[in-house]
Amino acid sequence: MLCPFCLLGVKQLTLALETYNANHPAAPINPDIRILPYQLNPALTLEPVSKKEMYAKKFGKERAESLAVGMRARMAAHGYTPYVISLIA
């Protein structure tokens, strides 16, 4: 599973590098980008839980819903079709 925040961050970084290189052809930047795993929530177990409920407990129901709407909009703005995963483990 790929974190949607990471997906968007890498996309924005790639676009920024492309823009920079297009505007500065004499001094391009071509970094090696490595994506490393990171366990954001070590309290998760092998037993699946509702992602919606987990976010509501963590952020509050209204903020969790607002974050979900915003994330879908940001993904769509970058050409990604957001998918909904209802369970996480």
Side-chain angles (χ1 to χ4, degrees):
M1 184 173 135
L2 181 63
C3 167
F5 298 100
C6 299
L7 176 66
L8 290 177
V10 169
K11 179 70 170 182
Q12 290 172 328
L13 175 61
T14 302
L15 289 172
L17 289 168
E18 289 172 1
T19 300
Y20 177 87
N21 288 340
N23 292 327
H24 301 87
I29 298 174
N30 297 303
D32 290 327
I33 300 172
R34 295 182 354 170
I35 309 298
L36 302 175
Y38 179 75
Q39 186 177 21
L40 187 59
N41 186 354
L44 286 177
T45 65
L46 294 177
E47 185 67 32
V49 295
S50 165
K51 193 173 176 183
K52 185 176 181 178
E53 289 176 17
M54 182 184 74
Y55 286 152
K57 183 187 278 187
K58 183 174 184 174
F59 300 114
K61 184 178 179 181
E62 286 182 23
R63 182 157 182 241
E65 289 175 1
S66 175
L67 288 169
V69 169
M71 179 53 68
R72 285 192 295 271
R74 283 190 290 279
M75 290 185 75
H78 286 286
Y80 295 111
T81 302
Y83 59 92
V84 179
I85 298 175
S86 59
L87 299 176
I88 190 168

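Here the shortest heavy-atom pairing between Pro25 and Ala22 reads CD-O, 3.8 Å.
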Just list the side-chain donor-acceptor pairs under 3.5 Å for residues 7-19, sequence neighbours left out, or say none.
unit_1: Thr14; atom_1: OG1; unit_2: Val10; atom_2: O; d: 2.8
unit_1: Thr19; atom_1: OG1; unit_2: Leu15; atom_2: O; d: 2.9

I'd like a table of donor-acceptor pairs (distance under 3.5 Å, sequence neighbours excluded) in which one partner is a side-chain atom from residues 58-79, with atom names and distances.
none

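Checking side-chain atoms of Asn21 against main-chain N and O of Asn30 turns up no donor-acceptor pair under 3.5 Å.
Side-chain heavy atoms closer than 4.5 Å link hydrophobic residues (I, L, V, M, F, W, Y) into clusters, and following such links, possibly through other members, connects Ile33 to Ile29.
Around CG of Leu36, the count of heavy atoms belonging to other residues, nucleotides or ligands within 6.0 Å exceeds 12.
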